[in-house]
Amino acid sequence: MKLSSWGLASTLAALPGTALAVPQLPPQEDPQPVEAPADGVPTIELIDLEFDDALSRAERVGKMLVIFWARGEDDVRTREFREEILGDTGVRRWVAEEAIAVRVDADKDKKGARANLVKIYPSIDVIDVRRGARIERLVPGFTATDLLASIYGADAGTAPEQPEGDAATEPFQWLAWGNHCARSNDPALTESAVEAYSWCLLNADDYRPEFRARFLEYLLKKVASLQLVSRSARRTLSGERQRLESKVWAGTATRRDLYEISRIDFWIKKNNLTRDLYLELANKDSEQNRVYRSWLFFPALPILGRNQHYREILDIVGDEPMALFRDRIAIERASAAAAANAVTSDGEEAVAEPDEATPKPPLEHMVPDRRAEILDDASWVYEALLGGGRGADARAFVDEMSEFYPTAGLYGRCMERAMRLEMWDLAIELGDVALGTVDEQGKRRIQRLRSQIPVDDDGE
């Protein structure tokens with residue numbers, strides 16, 4: 001069996017385990033400019049093409065095709081998504097060896113966008129031109145790991161084989177086999193795909209520690225996508241959830257166990273199970289259960305907020321709402337600074353000094369704690385404060401959050417929460433503050449929200 005050279009040279013080198021042989025690719029025409037940053041891996045220079053031209057070029061050079069779909073000029077959100085995926089070292093290494101990357105402006109190539117059923121911008125398609133199949137579509141919220149996991153077995157010269165012998169203990173061989181079976185559209189291979197992904201979930205850590213944590217989101221997504229056609233997929237997810245929850249009631253669960261329960265609930269589209277577990281922990285009060293509730297709080301917070309469980313939220317929030325967010329903000333800001341690749345005035349690369357006081361994330365491989373998640377969680381705390389009769393605390397909380405994030409993302413979310421409670425005057429007040437603070441694009445978002453606020457009969 002033959003895997004991509006990215007998978008062998010990059011990811012396997014980063015994880016403990018037995019090294020595999022690295023196949024050497026023959027020289028190929030590479031239409032992308034090669035530019036070596038500090039890590040020695042070429043950056044990805046997106047070529048501006050229409051879809052048909054991009055497809056022809058990929059066919060000509062015999063490589064896979066990565067398409068970055070966008071509309072018009074790139075805004076902040078588009079640039080952040082592009083950097084999240086295409087700035088990753090592993091993705092850059094794989095693209096340099098195996099693919100060409102292009103940018104397609106859907107406003108200019110409407111035909112190409114329609115033909116590919118692109119509905120979310122920005123998004124990224126990975127297309128195996130040789131087999132005429134889309135390997136993956138990534139939208140905001142996906143990570144570089146999703147892309148890298150998806151290409152295992154997709155770019156090999158020959159189709160992967162079911163792992164046997166020594167290969168049967170190599171998680172990446174099972175991942176490649178699972179991807180091959182899932183993409184084959186052969187009903188006979190559906191159960192093989194489930195078996196491969198399930199093996200990775202349940203056994204991979206025995207041979208490559210932290211494999212499950214690193215690829216958890218991808219594996220859950222793949223197994224969940226097969227639920228409609230596979231009973232074993234449903235059994236895998238429900239059985240794993242039951243196993244993790246049994247550890248909770250036995251008092252042996254870890255923080256990661258609680259987090260993984262919430263992610264299984266997300267992928268099986270039963271988020272209310274996370275809420276129910278949180279509430280049950282509150283009803284069976286003990287020191288251990290209080291610890292578990294604190295670990296489950298942020299995964300459960302949006303579900304608690306949508307169901308207006310304000311008392312349960314405020315029990316954790318306490319008297320100082322901002323205390324819940326200071327560490328998260330410090331982590332997010334430190335991570336952003338480290339990834340910025342800032343350049344000093346003399347042209348030297350600026351390296352952020354590590355801050356020993358900056359707290360480290362509780363889960364090394366959890367979904368990244370980005371600004372969007374922080375702002376969303378903050379808005380649910382804001383609504384709980386309003387709904388719980390703590391209007392002054394809610395106002396102070398927004399003021400403190402705006403010192404870190406004076407953005408339309410913060411004000412817009414808080415406006416939506418106030419509008420859910422029909423506190424129209426408060427929503428208008430937040431909008432007024434935002435319009436005097438945010439940029440032009442942010443102002444357009446705020447104005448759209450303000451247009452949804454009912455006006456009095458007298459027109460005021």
Side-chain angles (χ1 to χ4, degrees), residues 4 6-7 10-11 32 41 43-49 51 54-55 58 63-71 74-106 109 112-129 131-155 175-176 178-180 182-183 193 197 200 214-226 263 266-267 339 365-373:
S4 74
W6 170 84
S10 175
T11 298
Q32 299 177 89
V41 182
T43 57
I44 296 175
E45 299 293 335
L46 294 174
I47 308 166
D48 288 310
L49 290 175
F51 172 73
L55 199 61
K63 290 191 172 186
M64 296 184 74
L65 177 61
V66 176
I67 301 178
F68 186 84
W69 295 97
R71 302 186 70 173
D74 289 350
D75 55 19
V76 173
R77 178 172 175 268
T78 301
R79 290 192 294 271
E80 287 179 347
F81 176 64
R82 183 180 63 211
E83 181 61 24
E84 167 66 29
I85 307 294
L86 302 183
D88 178 83
T89 301
V91 173
R92 286 188 280 120
R93 182 177 288 114
W94 176 74
V95 168
E97 297 174 354
E98 301 282 358
I100 67 169
V102 305
R103 181 186 187 277
V104 177
D105 186 340
D109 186 13
R114 285 197 300 269
N116 285 274
L117 302 177
V118 184
K119 297 181 179 179
I120 298 176
Y121 297 92
S123 62
I124 294 175
D125 276 347
V126 182
I127 298 176
D128 186 340
V129 177
R131 296 184 178 91
R134 179 183 293 109
I135 299 302
E136 186 64 280
R137 170 165 290 172
L138 300 99
V139 297
F142 283 67
T143 68
T145 299
D146 290 302
L147 188 153
L148 294 171
S150 72
I151 56 90
Y152 272 100
D155 56 342
L175 182 58
N179 285 341
H180 168 73
R183 283 192 290 262
Y197 294 134
C200 290
R214 189 178 300 274
F215 293 101
L216 178 69
E217 292 297 308
Y218 182 80
L219 294 169
L220 292 179
K221 176 185 71 173
K222 298 301 288 186
V223 177
S225 70
L226 297 170
R263 298 314 298 164
F266 172 83
W267 285 110
H365 300 300
M366 67 186 295
V367 174
D369 199 7
R370 300 186 191 89
R371 181 171 61 182
E373 283 88 15

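Please read all numbers here as calculations on a predicted model, not as lab measurements. Side-chain atoms are counted along with the backbone in the values below, which use heavy atoms only and exclude waters and symmetry mates.
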- prompt: Step by step, would you call Thr143 with Glu217 a side-chain contact (heavy atoms from CB on, under 4.5 Å)?
  reply: CA-CA 9 Å; Thr143 68; Glu217 292 297 308; over 6 Å; no
- request: For Glu98 and Ile151, run side-chain contact (heavy atoms from CB on, under 4.5 Å): C-alpha distance rounded to whole Å, both residues' side-chain angles, the deciding distance at 0.1 Å, then the answer.
  value: CA-CA 10 Å; Glu98 301 282 358; Ile151 56 90; over 6 Å; no
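Annotation: side chain of Arg183 is not in contact with side chain of Asp128 (no heavy-atom distance under 4.5 Å). The shortest side-chain heavy-atom distance between Phe68 and Ile85 does not fall under the 4.5 Å cut-off. At least one side-chain heavy atom of Pro122 sits less than 4.5 Å from a side-chain heavy atom of Arg77. Side-chain contact between Ile44 and Val66 is absent, with no heavy atoms from C-beta onward closer than 4.5 Å. Between Leu220 and Phe266, every side-chain heavy-atom pair lies at or beyond the 4.5 Å cut-off. Contact of the Arg263 side chain with the Trp267 side chain is registered, since non-hydrogen atoms from C-beta on lie closer than 4.5 Å. The closest side-chain heavy-atom distance from Leu86 to Ile124 is below 4.5 Å.
Applying the side-chain contact (heavy atoms from CB on, under 4.5 Å) test to Asp125 and every residue at least two apart in sequence or in another chain returns Ile67, Trp69, Asn116, Ile127, Arg134, Arg137. For Phe142, the side-chain contact (heavy atoms from CB on, under 4.5 Å) partners at least two apart in sequence or on another chain are Leu138, Val139, Asp146, Lys221.
Nearest heavy-atom pair across Ser150 and Glu136 is OG-CB, 3.7 Å. Of all heavy-atom pairs spanning Ile100 and Ala58, the tightest one is CD1-N, 3.7 Å. The two residues Arg371 and Glu80 come nearest to each other via the heavy atoms NH2-OE2, 3.2 Å. The two residues Ala149 and Asn179 make their nearest non-hydrogen contact at O-ND2, 2.8 Å. The shortest heavy-atom contact between Arg71 and Ala106 is CG-CB, 4.1 Å. The shortest non-hydrogen separation linking Ala54 to Leu49 is CA-CD1, 3.9 Å.
Looking only at distances, no side-chain donor or acceptor of Tyr197 sits under 3.5 Å from a matching main-chain atom of Val223. Here the side chain of Asp109 pairs a donor or acceptor atom with the backbone of Phe51 at under 3.5 angstrom.
Atom CZ of Phe215 sits about 7.5 Å away from atom CG of Leu148, to the nearest 0.5 Å. Within the model, atoms CG of Asp88 and CG of Leu147 stand 9.0 Å from one another, a figure rounded to the nearest 0.5 Å.
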